[in-house]
Each structure stands twice: as C-alpha cells, then as structure tokens.
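Below is one structure, written out as structure tokens; comments come after it.
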Amino acid sequence: MVAAVPIARVVRSGLEESVHLGHVAVCDIEGRLLARAGDPERPVFIRSCAKPLQAAVSLAAIGDEPLPDREVAVMCASHNGEPVHLGAVRALLERAGLGPQALRTPPSYPLDDDEMARAQHRHALFSDCSGKHAGMLLASTRAGWDPATYPRRAHPLQRRVLRAVRRATGVDDVAVGVDGCGVPVHGVPLRAIANLYARLGVPERLGELEPRVERATEAMLAEPYLVGGRNRFDTALMQAVPGVIAKEGAEALLCVSVPDLGIGVALKVADAGFRAAGPAMVEVLTQIDVIDAAQRRKLAPQARPPVRGGGEVVGAIEPVVTLRRH
C-alpha cells in the first residue's frame, strides 16, 4: 500500500503544530484515475457518502409518489438536527404512517451545538442519519416489505442497495459491514468511491436507477441546507459552487461530484481528523479548476479554518495537498 501523504497542517502562532495525512482520488465516469495523492486503492467504507445512492434506491421503491425537495434532500443527509431537518424527517415518517419510534437509528443528540444545548435527552430523531432511515421506512411500506427489519443485510431494500453499490463503483467484491447507524455499510477502494461520485453527476451508467439518482442530486442542489446545515462543509460548498454535489461521511471521508466535468473526487483523512478535510478538499478542487478565486473567497472559513488561543485567532489549518496528474 502507498503511504498517506500530508494534506493539511495546523499552524499556531507561527509554529507548525500538527500535520494530517490522507489520500485523494479523482476519477471520471469510466473509472479512469485522473489525479491522486497518497493511495487511491486504499479500501474505505463509504459511510454516509453513500447516502445519495441509498436514497435513490429508496426512491425507486417508493415509486412515482411526488416528494418535495427538502424531504428527498434529508434522505441524503447527515443533518445537524436543526428544526428544519427534523420537520422533513417527520414528514417522511407521516407519509409512511409511522412515528419516530419506528426509526432504528441509535438515540443521539443533535450535531449542531445550539440544538444540542436545547435537547433534553437523546432521541432517534436527532440522529444525523434519521432522514436516510425515514426514507428507507417509507420505501419499505410502499414496496410491501417489513419495515421493522429494514436495517438487516438480508432485507430486500438492503440487497438492492448492495447491487447499486456494485454497479456504481464497478466493484464486485464489496466488503459489507455495519454502519454507525445500524444499516449495512460498504467498503471499496477510494478510487471506486470517486468513480461512484462521477456517476452520481452523470448517472447514465446506473441503468434503471438513473432517474432516481437525478432526483436525489437535484434535491441536494435545491436544498443544500437540508443535507448538512449550519457550519457544515458540504452545505457551504454546494451553496458557494453552483452545480457541485458534496457529501460528508464518518471517519473524515469527503466526496464531491462535478457533473459539468463528469468527474468525482474522494478524499480520506488517514487519522479521521475531519478538520483537515475541508481545507484539503478546497485545495484539491482549486487544483483541478472546479473552484475559481471568487468562490474560494466565499469558502475562506472552510479553506483556512482559524486556530484560536484565548478566544483570538492565532493561526489556521492550511492545506498542503498536491495532486499528481495521470
């Protein structure tokens, strides 16, 4: 395996205090590797970066029932647990004729600091994955599948998700584990995840899922705040760079689709330090000419997050990643 390479450094009061290592893969819809840093073949669980594809599978099972953008977007989300997110999740559950008790997400506090301070106890609805789970419940009720067992690997919905992952990544030998939220999670090389994201933006290679993927990504672009929320990188990137689809995943996996160029980008911070992912991704997108100078200025809080001392800014997290072109 190729070693991880420096992708971001932490500078405090002029001293380099820490360095984060990682891996990057940039691929087109054919699966060709266009650029890399570190090891593009490193096996990685897709984690929440799979949510747009999982949502597309759920939408296929739901059928032609019209859903508003915010409900579809929250199916793709790792949301903060803000009121707008919880409202969309409740709307999906109401469509299914179910209450929050049907969710199999582990009880959680909201990710957003303000909402966490207001929460009196953990609840399944607060989970950042509750939108995905609500979509899976709606899919199960519409398709006539057992909604109580939707997280199980043998459930018809999860079998369809695995087939979709194989097709979207081009990988047959997919590792299957259990995600933090309890549903199956799929492991493939980082390069294959970049290929998946290229195909999310140009879904003609995804067969019958093509219109469902288009609906999922259309909703993400229409309602980027529903995908993450306040102070979230994927929301900020989609708001600043029109047409770009972004999604955060656990263990500091960050993925971007650029439909206009037919490419996908997958970035993994080796030590799971998510603070390095945003600065490194902004730099990667700059190097491949996706972000211009004006957009980079809009993304300044994400491109160089401040390091504070005594409440004052005394440094920054700086990107140091350099892509190798193929």
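What's counted below: heavy atoms across the whole structure, side chains too, no hydrogens, waters or symmetry copies.
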From CA spacing to verdict: salt bridge (charged side-chain N to carboxylate O under 4.0 Å, His left out), Arg205, Glu30: CA-CA 9 Å; Arg205 299 302 178 87; Glu30 303 292 345; 2.4 Å; yes
Heavy-atom pair of closest approach, residues [X] and [Y]:
{"X": "Ala25", "Y": "Arg191", "result": "CB-CA, 3.8 Å"}
{"X": "Ala216", "Y": "Cys76", "result": "CB-SG, 3.9 Å"}
{"X": "Val24", "Y": "Pro40", "result": "O-CB, 4.4 Å"}
{"X": "Thr235", "Y": "Pro224", "result": "OG1-O, 2.8 Å"}
{"X": "Arg212", "Y": "Gly63", "result": "NH1-O, 3.3 Å"}
{"X": "Leu92", "Y": "Gly135", "result": "CD1-N, 4.2 Å"}

- prompt: Would you call the rings of His123 and Phe126 parallel, tilted or perpendicular, where under 30° means parallel and over 60° means perpendicular?
  reply: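 If you compare the ring of His123 with that of Phe126, the planes turn out perpendicular.
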query: Between His85 and His79, what is the ring plane arrangement, given parallel below 30°, perpendicular above 60°, and tilted in between?
result: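 If you compare the ring of His85 with that of His79, the planes turn out parallel.
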Looking at [Y], is its backbone amide N or carbonyl O close enough to the side chain of [X] to form a donor-acceptor pair, meaning the two atoms are under 3.5 Å apart?
{"X": "Ser140", "Y": "Pro147", "value": "no"}
{"X": "Ser127", "Y": "Ala124", "value": "no"}
{"X": "Arg166", "Y": "Leu162", "value": "no"}
{"X": "Arg104", "Y": "Ala102", "value": "yes"}
{"X": "Glu248", "Y": "Asp234", "value": "yes"}
{"X": "Asp179", "Y": "Val183", "value": "no"}
{"X": "Glu82", "Y": "Gly229", "value": "no"}
{"X": "Arg36", "Y": "Gly38", "value": "yes"}

message: If you apply the rule side-chain hydrogen bond (donor to acceptor under 3.5 Å, both in side chains), what do you find for Lys247 with Ser78, and how did you get there?
response: CA-CA 8 Å; Lys247 186 69 193 72; Ser78 298; 2.7 Å; yes
Count the heavy atoms belonging to other residues, nucleotides or ligands that lie under 6.0 Å from [atom1] of [X], then report whether that count exceeds 12.
{"X": "Arg230", "atom1": "CZ", "answer": "yes"}
{"X": "Glu312", "atom1": "CD", "answer": "no"}
{"X": "Arg152", "atom1": "CZ", "answer": "no"}
{"X": "Arg159", "atom1": "CZ", "answer": "yes"}
{"X": "Arg95", "atom1": "CZ", "answer": "yes"}
{"X": "Asp113", "atom1": "CG", "answer": "no"}

Worked verdict on Leu53 versus Val161 for side chain to side chain contact (heavy atoms under 4.5 Å, CB included): CA-CA 8 Å; Leu53 186 63; Val161 170; over 6 Å; no
Hydrophobic cluster identity match, [X] and [Y], side-chain contacts under 4.5 Å:
{"X": "Val176", "Y": "Val165", "answer": "yes"}
{"X": "Ile7", "Y": "Leu237", "answer": "yes"}
{"X": "Val213", "Y": "Ile62", "answer": "yes"}
{"X": "Val26", "Y": "Val44", "answer": "no"}
{"X": "Leu190", "Y": "Val5", "answer": "no"}

With a 4.5 Å limit on heavy-atom distance, are the side chains of [X] and [Y] in contact?
{"X": "Met238", "Y": "Glu223", "value": "no"}
{"X": "Cys181", "Y": "Lys132", "value": "yes"}
{"X": "Leu157", "Y": "Ser58", "value": "yes"}
{"X": "Arg42", "Y": "Val2", "value": "no"}
{"X": "Tyr150", "Y": "Leu137", "value": "yes"}
{"X": "Val10", "Y": "His20", "value": "yes"}
{"X": "Ile317", "Y": "Val307", "value": "yes"}
{"X": "Ile193", "Y": "Cys255", "value": "yes"}

Do the side chains of [X] and [Y] get close enough for a salt bridge, i.e. N-O under 4.0 angstrom?
{"X": "Glu251", "Y": "Lys268", "result": "no"}
{"X": "Asp69", "Y": "Arg215", "result": "yes"}
{"X": "Asp172", "Y": "Arg163", "result": "no"}

Taking atom [atom1] of [X] and atom [atom2] of [Y], what is their separation to the nearest 0.5 Å?
{"X": "Glu218", "Y": "Ile245", "atom1": "CD", "atom2": "CD1", "value": "10.5 Å"}
{"X": "Leu67", "Y": "Met75", "atom1": "CG", "atom2": "CE", "value": "7.0 Å"}
{"X": "Asp292", "Y": "Leu285", "atom1": "CG", "atom2": "CG", "value": "11.5 Å"}
{"X": "Thr105", "Y": "Arg122", "atom1": "OG1", "atom2": "CZ", "value": "12.5 Å"}
{"X": "Leu253", "Y": "Arg47", "atom1": "CG", "atom2": "CZ", "value": "9.5 Å"}
{"X": "Leu209", "Y": "Arg199", "atom1": "CG", "atom2": "CZ", "value": "12.5 Å"}

query: Would Met136 and His155 count as a side chain to side chain contact (heavy atoms under 4.5 Å, CB included) if you check the C-alpha gap in whole Å, the side-chain angles of each, and the deciding distance to 0.1 Å?
result: CA-CA 11 Å; Met136 290 179 171; His155 192 275; over 6 Å; no
- prompt: Step by step, would you call Leu299 with Val241 a side chain to side chain contact (heavy atoms under 4.5 Å, CB included)?
  reply: CA-CA 9 Å; Leu299 289 166; Val241 187; 4.2 Å; yes
- request: Kindly write out the residues that satisfy side chain to side chain donor-acceptor pair (under 3.5 Å) with Asp146, not counting sequence neighbours, or none if the list is empty.
  value: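 Partners of Asp146 by the side chain to side chain donor-acceptor pair (under 3.5 Å) criterion, ordered by chain and then number, come out as Thr149.
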- prompt: side-chain contact (heavy atoms from CB on, under 4.5 Å) with Glu204: which residues, sequence neighbours excluded?
  reply: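 Ile29, Val202, Glu210.
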- prompt: Yes or no on side chain to side chain contact (heavy atoms under 4.5 Å, CB included) for Leu111 and Asn80, after CA distance, side-chain angles and deciding distance?
  reply: CA-CA 5 Å; Leu111 293 181; Asn80 272 346; 3.8 Å; yes
